[in-house]
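Chain naming here is simple, since letters A, B, ... match the order of the sequence lines and numbering starts at 1 in each.
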Amino acid sequence: MEWANSLDPREQERLLRERYPHLLEEPRREERAAERGLPPLPGAREGGVVTRFAPNPDFVIHIGNARPAILSHEYARMYRGRMVLRFEDTDPRTKTPIREAYDLIREDLRWLGVRWDEEYIQSLRMEVFYSHARGMLERGCAYVDLCGEESRELLRSGRACHTREREPEWQLEQWDRMLAGEYGEGEAVVRVKTDLSHPNPSVRDWVALRIIDTERYPHPLVGSRYRVWPTYNFAVSVDDHLMGVTHVLRGKEHQVNTEKQLYVYRCFGWEPPVFIHFGRLKLEGFIMSKSKIRRLLEENPGKFLGYDDPRFGTIAGLRRRGILAEAIRRVILEVGVKPGDATLSWSNLAAVNRKLLDAAADRVMFVEDPVWLEVEAGGGCLEAEIPYHPDRPERRRTIRVCSGDEVGLTRQDASRGEVRLMGLGNFRVAQGRLELVNTSLDYARSRRLPIIHWTPRRGAVPMEVLEPVELEFRVHRGYAEPAILEYGPDSRLQLVRFGFARIDEVASGAVRAFYTHP
RNA sequence: GCCGCGGUAGUAUAGCCCGGCCCAGUAUGCGGGCCUUUCGAGCCCGUGACCCGGGUUCAAAUCCCGGCCGCGGCACCA
């Protein structure tokens, strides 16, 4: 084994091919297995799958929300079905939608590669919910509860408001009164008749529609046009059916909601979709919670950059840090639809991202906290021709360095004695100077000289790389070689021997970037 | 507290439905080597897991029972 390890990889492969050709077949089969994506969807048939992603536009989405979005999209595509995007904005009071969030969510989804075929906004479909509320009342599946607070007590002990027993005509009359604005908040609600002895009290005669004073809490899209609003469970049931949704993929926090929603399907005689609930998805070391992020933003003005701060687990934050959409897709597809919770490790996401980035990102030299040393090259000049990417040697820049010029090295490299400056030549560090030994690469190899990154002082660009560490930034200050100015914001680079980074801002000749990962 | 759902290496996942091919596969991490004008990538080797306890069985990660732990829900939120 030791012998085999000491061989050149090419030699290893050659020997393998010669002696054990069947072993080389093996990886290909495994590779195919690894690419086999999601498990089949129960009850799915080609062309007959409709999925949906239904966010509340009260904030941007995070990587946990990306799971249902990506999975829904992926399954719809897998079966050549459709995907619906539906904004669930039916609570202008406690989960007030934000006007900008609709677009921010669309943008995040598009960036993630999620394509939807239809889009709906629930606050624009109020008449649909009203007519179905009427339908429920007509059929005796629901009633108008006029008991207010008392109902909660009643329901807790398996009883209900006396209006539950009234006939449909009476219910419809009350319903019209609700719509006419004759009742205030809390005075009248429409409840769905369920099993009053259901073990979960919240399921017992759950509320389908309630009154919200939109004069006080206007909705960002429809203002105070409506006072009667459907609850999540009612709106979802109606819409999922009307939109032909066949498969609902959502987190397990919705398990109980599924039970509630089934009452609506039963009332109308609709066939319910297949419900699939999966566990929570967290990203190690990141804050994902809407409320927490909002609080941090409010309580520390100036400390955070916004909802897309790279220290947050929002899609926008990960994007700003330099994570690629494809990396997020891959890890989410790998996690799949298990009911258990999953905590993505950062190193795992980083590894997937690195693999993708490595093929694409140009290599540029950035020297943190440089030591400037004067070059002594026998009075002459040297030119370093360095490819931007090892796989594309034809694209390269030239850096010219003459005797008397200064170049910057990291403190550590400057204390090494003899080094090879990448692309330039071999130098001895002595008395604060860099003395040229020769330019032979073979020499550097035979002496096993460290091959290091560097920057000329002339034209060096001040650069700051911000590395997210929990809720802080570790700031790396230094200088990058002049070529960095060829890249604008949103460029993703590999800073040689430092790590991957995404340029966030280039202002007055200085660059600010975020450290993505090693 | 009540209801529901889960527990495979540091992390994620395969296998569990239909017990043997699993002294458990893969990815990532970690350790080492080779290669390479990067401490990156690639290649090779190694490392490390079936929550615990009973039971059924010739045979259990897989089936049954009990326990422990984790998560979710218990809104006129979504």
Tell me what A:G148 touches on the nucleic acid: a base, only sugar-phosphate, or nothing, going by heavy atoms under 4.0 Å.
base
Given the C1' atoms of B:rA24 and B:rC16, what is the spacing between them in whole Å?
12 Å
Does A:H277 reach a base, just sugar-phosphate, or nothing at all? Heavy atoms under 4.0 Å.
nothing
Check the phosphate of B:rC77 against A:R210, side-chain N and O only, distance under 4.0 Å to OP1 or OP2. Yes or no?
yes
Pick base, sugar-phosphate or nothing for A:V189, based on heavy-atom distances below 4.0 Å to the nucleic acid.
base
Pick base, sugar-phosphate or nothing for A:G279, based on heavy-atom distances below 4.0 Å to the nucleic acid.
nothing
Closest approach to the side chain of A:R363, judged atom by atom: which nucleotide of B:rG40, B:rC74, B:rA78 is it?
B:rG40
Using a heavy-atom cut-off of 4.0 Å across all strands, would you classify A:R67 as base, sugar-phosphate, or nothing?
nothing
Counting the atoms with a prime plus P, OP1 and OP2 as sugar-phosphate, which does A:T90 contact under 4.0 Å by heavy atoms, base, sugar-phosphate, or nothing?
sugar-phosphate
Counting side-chain heavy atoms from C-beta on, which of B:rU11, B:rG73, B:rU13 comes nearest to A:E334?
B:rU13
Under 3.5 Å, which donor-acceptor pairs do the side chains of residues 331-342 of chain A form with other protein atoms, sequence neighbours left out?
from, atom 1, to, atom 2, distance (Å)
A:D341, OD1, A:K252, NZ, 3.3
A:D341, OD1, A:R280, N, 2.7

A:P390 has its side chain closest, among B:rU38, B:rC76, B:rG70, to B:rU38
Consider the side chain of A:F500, meaning its heavy atoms from C-beta on, and name the nucleotide among B:rG40, B:rC71, B:rG73 that approaches it most closely.
B:rG40
Looking at A:D391 and B:rA41, is any side-chain donor or acceptor paired with a base atom of the opposite kind under 3.5 Å?
no
Given a 3.5 Å cut-off on both pairing distances, which stems involving RNA chain B, each at least three consecutive Watson-Crick or G-U pairs, are present, if any?
B:1-7 with B:68-74, B:10-13 with B:25-28, B:29-34 with B:42-47, B:51-55 with B:63-67
Base, sugar-phosphate alone, or nothing: which one does A:N233 contact when heavy atoms must sit under 4.0 Å apart?
nothing
Mind telling me whether A:H476 and A:Y515 have parallel, tilted or perpendicular rings, with 30° and 60° as the class edges?
tilted
Does the ring centre of A:Y102 sit less than 6.0 Å away from the ring centre of A:F87?
yes
Starting from the C-alpha separation in whole Å, work towards a yes-or-no answer on salt bridge (Lys or Arg N to Asp or Glu O under 4.0 Å) for A:R411 and A:D369.
CA-CA 7 Å; A:R411 222 156 270 284; A:D369 187 22; 3.3 Å; yes
Give me the distance, rounded to whole Å, that separates B:rC58 from B:rC52 when you measure between the C1' atoms they each carry.
26 Å
If we take the P atom in both B:rA78 and B:rU11, what is their distance in whole Å?
36 Å
Keeping A:H389 on the side-chain end and A:A361 on the backbone end, is there a donor-acceptor pair under 3.5 Å?
yes
Between the protein and nucleotides 28-30 of chain B, list every N/O to N/O distance that falls short of 3.5 Å.
from, atom 1, to, atom 2, distance (Å)
B:rU28, OP1, A:K355, NZ, 3.3
B:rG29, OP1, A:R354, NH1, 3.4

Using a 4.0 Å heavy-atom cut-off across all strands, classify A:R420 as base, sugar-phosphate, or nothing.
base
Which is true for A:Q494 with a 4.0 Å heavy-atom rule: it touches a base, it touches only sugar-phosphate, or it touches nothing?
base
Looking across every strand, which nucleic acid part, if any, lies under 4.0 Å from A:F498 by heavy atom: base, sugar-phosphate, or nothing?
nothing
